[in-house]
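As structure tokens, the structure follows; a few thoughts come after it.
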Amino acid sequence: MWNRQQVKEQAKQIMKRNYWKMFVVTLIASILTGEKTTIIERVQDFASNNHSYDAQPIFYSSNFELIFYSFISIASILGILYTIFIGNVIVVGKNGYFIKNHDENPELGEIFKGFKGNYLNVVKIMFLMDLKTLLWLLLFIIPGFVKAYEYSMIPYLLAENPDLSADEAFSLSKQMTTGQKMDLFVLDLSFIGWIILGLICCGIGILFVLPYPEATRAEVYLNLKESVKI
């Protein structure tokens, strides 16, 4: 199987070979997906904005406030649609780049590969993944995070197999992460120091750090993939 030190060392070796292209890929993905790479946070923002508006007595609301909050709601809805039809697909393409980057030197255009082939299937399954995670988080916070890790291999699976059915994608990801969720959580925690360091450097420094966890997670996927039949 895998261990944290092993996959992080593999990622470091890959970064020595191809760091700057990896940096450009994560930069493009960050710009095109924004700070929010999942529908979950956009839905939460939408609900929060509407709650803020509804909390005010209607007789205190001016026409300006009505227009302002209507604009915020429309922007939130557009943000959700953007995430569903574009942002999530770019995440799949980015993951596909880092999978190939294990032993190749893929083109930057790999990040847009999700828009080719079975695009609507990728959109559907990524939407279902976000929706299920959101529903779990609304019910129970901790089980919601557990489910998020259970579904975490889906974007990688779709990057290599865009024709997978939803049932296959969820089943394979579940098989791959069974008994691995705590290790995946600890792996994510191990990058906190790097992320804090990047944030300290005027915030922009985090962009230079991102290739490291991205490459590491791709290495984890490649290791876990060996345990299932795709």
Side-chain angles (χ1 to χ4, degrees), residues 2 7 11 14 22 25-26 28-34 36-43 79-104 106-137 144-178 180-181 184 187-188 210-211 213-230:
W2 66 282
V7 293
I14 293 171
M22 295 163 66
V25 167
T26 53
I28 293 173
S30 296
I31 292 172
L32 294 181
T33 60
K36 299 167 185 173
T37 57
T38 70
I39 189 176
I40 297 170
E41 290 174 289
R42 293 193 182 276
V43 170
I80 292 172
L81 293 175
Y82 179 88
T83 298
I84 292 171
F85 291 101
I86 299 178
N88 280 346
V89 181
I90 291 172
V91 170
V92 170
K94 175 199 67 180
N95 290 354
Y97 170 88
F98 279 96
I99 291 171
K100 288 189 174 182
N101 194 50
H102 170 75
D103 54 11
E104 299 178 26
E107 298 296 326
L108 294 176
E110 189 72 26
I111 195 174
F112 301 109
K113 192 174 180 180
F115 293 100
K116 303 175 182 177
N118 206 340
Y119 163 74
L120 289 179
N121 189 56
V122 171
V123 168
K124 179 186 75 175
I125 296 176
M126 288 294 289
F127 170 74
L128 289 174
M129 181 191 77
D130 284 338
L131 180 61
K132 288 185 177 184
T133 305
L134 176 61
L135 292 175
W136 273 104
L137 285 170
F145 280 109
V146 172
K147 284 295 181 180
Y149 279 104
E150 180 181 309
Y151 305 150
S152 63
M153 295 297 117
I154 290 176
Y156 294 94
L157 288 164
L158 290 175
E160 290 195 298
N161 309 276
D163 295 324
L164 283 175
S165 69
D167 288 343
E168 288 173 326
F170 281 94
S171 176
L172 287 169
S173 186
K174 182 177 181 179
Q175 292 176 50
M176 292 168 70
T177 57
T178 297
Q180 306 292 325
K181 298 179 188 67
L184 292 170
L187 177 65
D188 284 343
L210 286 179
E214 291 287 358
T216 303
R217 293 186 190 108
E219 292 301 308
V220 173
Y221 165 77
L222 290 170
N223 278 272
L224 293 178
K225 187 177 74 166
E226 297 175 2
S227 65
V228 298
K229 292 183 179 181
I230 301 176

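Everything quoted here is computed from the prediction, not taken from an experiment.
The aromatic rings of Tyr151 and Phe170 stand perpendicular to each other, their planes meeting at an angle above 60°, with 30° marking the opposite boundary. Using cut-offs of 30° and 60° for the angle between ring planes, the Phe115 and Phe112 rings count as tilted.
For Gln175, the CD atom sits in a packed shell: over 12 heavy atoms of surrounding residues, nucleotides or ligands are nearer than 6.0 Å. Heavy-atom neighbours of Lys174 NZ from other residues, nucleotides or ligands within 6.0 Å: at or below the threshold of 12. The number of heavy atoms from other shown groups lying within 6.0 Å of OH (Tyr119) is above 12.
By the salt bridge (Lys or Arg N to Asp or Glu O under 4.0 Å) test, Glu150 pairs with Lys147, sequence neighbours left out. Take Glu110 and apply the salt bridge (Lys or Arg N to Asp or Glu O under 4.0 Å) test, not counting sequence neighbours, and it matches Lys100, Lys113.
Smallest separation of non-hydrogen atoms from Pro211 and Met22: O-CE, 3.8 Å. Across every non-hydrogen atom of Ala169 and Ile125, the tightest pair is CB-CG2, 4.0 Å. Of all heavy-atom pairs between Ile99 and Ala218, the closest is N-CB, 4.2 Å. A pairwise comparison of heavy atoms in Thr133 and Ala148 identifies CG2-CB, 4.0 Å as the closest pair. A pairwise comparison of heavy atoms in Leu224 and Ser227 identifies O-OG, 2.6 Å as the closest pair. Residues Pro162 and Asn121 come closest through the heavy atom pair O-ND2, 2.7 Å.
Judged by distance alone, the side chains of Gln180 and Trp2 do bring a donor and an acceptor atom under 3.5 Å apart. In this model, no donor atom of one side chain and acceptor atom of the other lie less than 3.5 Å apart for Asn95 and Tyr221.
Rounding to the nearest 0.5 angstrom, the gap separating the CG atom in Leu172 from the NZ atom in Lys225 is 11.5 Å. To the nearest 0.5 Å, the span separating NZ on Lys124 from CG on Leu158 amounts to 10.5 Å. Put simply, CG on Asn161 and CG on Asn118 are 11.5 Å apart, with the number rounded to the nearest 0.5 Å. In this structure, Met176 CE and Leu184 CG are separated by 9.5 Å, a value rounded to the nearest 0.5 Å. Note that CG of Asn88 and OH of Tyr82 are 10.5 Å apart. Values are rounded to the nearest 0.5 Å. Taking NZ of Lys132 as the start and CG of Asp130 as the end, the distance is 12.0 Å to the nearest 0.5 Å.
Using a 4.5 Å heavy-atom cutoff, the side chains of Thr177 and Met153 are in contact. Residues Val89 and Met126 fail the side-chain proximity criterion, which asks for heavy atoms closer than 4.5 Å. Contact of the Tyr156 side chain with the Arg217 side chain is registered, since non-hydrogen atoms from C-beta on lie closer than 4.5 Å. Residues Phe145 and Leu137 form a side-chain contact, since some pair of their non-hydrogen atoms from C-beta on lies under 4.5 Å apart.
Of the listed residues (Val92, Val25, Thr26, Leu32), just one forms a side chain to side chain contact (heavy atoms under 4.5 Å, CB included) with Ile111, and that residue is Val25.
Of the possible donor and acceptor atoms, one in the side chain of Ser152 sits under 3.5 Å from a partner among the backbone N and O of Tyr149.
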